[in-house]
Amino acid sequence: MRWLAALTISIFAAPALACGPDSDCVIDNRTYRIAMPENHDGATPVGAVVFAHGYRGSAAGVMRNGSLRRAVSNMGLALIAADAGENDWNIPNAPRNMDSDGSVEFTYFAEMLDDAAERFPIDADRVMMTGFSAGGMMTWNLACNLSDRFAAFAPISGTFWLGPPESCEAPVASILHIHGDDDSTVPLDGRPILETRQGKVSDALEMYADFGGFDAVDEAESGGLRCTMKRNPEGEILDFCLFAGGHSFRTEFVAFAWETFEKAGKL
């Protein structure tokens, strides 16, 4: 009867892993998707890139980005695609969410990380949060409110709505912000939208530099990115990298951020 016992175990265990890049992982009333590295043995813990989609995007749409999937897999990492569940993230001062304190999203991301670690062999000490456009805005909010759950943050072409908070919750995180120098959708100096406005990227960087005690240390160019780099006494990173162009996403940005953090011993 051992075969019957094994079959019973497999039947009841299956739902815990019955999600991935092509099917939703369900947590309460929200979902996410995950792609483990190609040829992963199913047991060895791996780091992860958590990606927040842009306005009107979805986790399924992120997983359809073959270039991103391949790049993350080639680095030996899992790709976790978060899903807003609606057209946009519920974050402070965003259109139609002016009264939000962001807590619904902070709870969702914390539960998503817990759920992914239970279902899959994820190394919780090597998780980078990133996202493009509205997903970059979500990334900044997480860096300020959930910094203890991620090793580093890489917001791309997105910042706080209206303006940054006066301060953030500890601990101080490592952040690498990437933005197009001619972005008209999320301009570096912000723009009004409905009853609110997109904030200035410089305001977010200045607030975080004061919060974390960051000082400028160097400037460099790499892979089409012009970066101003800051460090604090604890060795955390605050980099601001510009590329020539508008509101666009490249897989190389995610790889560049991960490699920067990895070389600095943050991942």
Side-chain angles (χ1 to χ4, degrees), residues 47-52 72 75 77-80 82 89 91-93 101-103 105-114 116-117 122-161 163-179 199-218 225 227-241 253-267:
V49 171
V50 177
F51 193 94
V72 174
M75 290 190 289
L77 306 171
L79 174 62
I80 302 176
W89 302 100
I91 52 179
N93 301 312
D101 62 0
S103 59
E105 299 295 0
F106 308 145
T107 298
Y108 161 70
F109 275 88
E111 291 179 349
M112 181 188 69
L113 291 173
D114 290 341
I122 301 297
D123 183 348
D125 294 326
R126 299 179 64 234
V127 178
M128 182 183 82
M129 180 68 216
T130 187
F132 172 66
S133 193
M137 297 172 181
M138 187 70 252
T139 301
W140 262 111
N141 277 270
L142 289 168
C144 205
N145 292 275
L146 210 65
S147 61
D148 60 331
R149 296 302 307 268
F150 298 90
F153 298 83
I156 302 171
S157 302
T159 185
F160 294 102
W161 281 100
E166 292 185 5
S167 187
C168 297
E169 294 185 11
V172 176
S174 284
I175 301 175
L176 191 158
H177 181 104
I178 299 175
H179 216 108
K200 291 185 178 181
V201 172
S202 59
D203 287 348
L205 292 166
E206 289 173 11
M207 178 278 293
Y208 210 81
D210 290 341
F211 168 68
F214 289 92
D215 291 316
V217 295
D218 204 359
L225 291 168
C227 301
T228 299
M229 296 171 283
K230 295 183 178 182
R231 301 293 181 270
N232 72 358
E234 289 72 39
E236 300 297 338
I237 292 170
L238 182 60
D239 288 1
F240 175 42
C241 299
F253 296 158
V254 174
F256 174 80
W258 182 277
E259 290 166 3
T260 298
F261 294 132
E262 190 173 43
K263 289 177 182 177
K266 300 303 173 184
L267 290 167

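Every heavy atom of this structure was used, including side-chain atoms; hydrogens, water molecules and symmetry mates were not.
Closest approach of Asp203 to Pro164, counting heavy atoms only: O-CG, 3.6 Å. Considering all non-hydrogen atoms of both residues, Gly213 and Asn232 come closest at O-CB, 3.3 Å. Nearest heavy-atom pair across Leu176 and Phe256 is CD1-CE2, 3.9 Å. Scanning all heavy atoms of the two residues, the minimum distance from Thr130 to Ala154 falls at OG1-O, 2.6 Å. Of all heavy-atom pairs spanning Ala78 and Ile122, the tightest one is CB-CD1, 3.8 Å. Pairing each heavy atom of Glu166 with each of Met207, the nearest pair is O-CG, 3.9 Å.
Screening Met129, Arg126, Met128 for a side-chain contact (heavy atoms from CB on, under 4.5 Å) involving Phe150 leaves a single residue, Met129. With Val127 as the partner, the side-chain contact (heavy atoms from CB on, under 4.5 Å) test is satisfied by one option alone out of Val49, Val50, Leu267: Val50.
Within the 4.5 Å cutoff, side-chain heavy atoms of Val201 are placed close to those of His177. The shortest distance between side-chain heavy atoms of Cys168 and Ser147 does not fall below 4.5 Å. The closest side-chain heavy-atom distance from Ser202 to Phe240 is not below 4.5 Å. The closest side-chain heavy-atom distance from Trp258 to Val72 is not below 4.5 Å. Residues Ile175 and Leu205 form no side-chain contact, since every pair of their non-hydrogen atoms from C-beta on lies 4.5 Å or further apart. Side chains of Glu236 and Pro171 form no contact here, defined as non-hydrogen atoms less than 4.5 Å apart. For the pair Phe51/Ile80, no side-chain contact is recorded, criterion being any heavy-atom separation below 4.5 Å from C-beta on. Between Phe160 and Met137 there is no side-chain heavy-atom pair separated by less than 4.5 Å.
In this structure, CG on Leu113 lies 9.5 Å from OH on Tyr108, to the nearest 0.5 angstrom. Between the CG atom of Asp148 and the CG atom of Asn145 there is a distance of 10.5 Å, given to the nearest 0.5 Å. In this structure, CD1 in Ile178 is found 11.5 Å from CZ in Phe132, a value given to the nearest 0.5 Å. Atom NE2 of His179 and atom SG of Cys241 lie 12.5 Å apart (nearest 0.5 Å). In this structure, the separation between NZ on Lys230 and CD1 on Ile237 is 14.0 Å, given to the nearest 0.5 Å.
The aromatic rings of Tyr208 and Trp140 lie perpendicular to each other, with more than 60° between the two planes, well past the 30° mark.
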Ser174 and Phe261: CA distance, side-chain angles, deciding distance, side chain to side chain contact (heavy atoms under 4.5 Å, CB included) verdict: CA-CA 8 Å; Ser174 284; Phe261 294 132; 3.8 Å; yes
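In summary, the aromatic rings of Phe109 and Phe106 are positioned with their centroids too far apart to meet the 6.0 Å limit.
The pair Arg231-Asp239 counts as a salt bridge, with a side-chain nitrogen and a carboxylate oxygen less than 4.0 angstrom apart.
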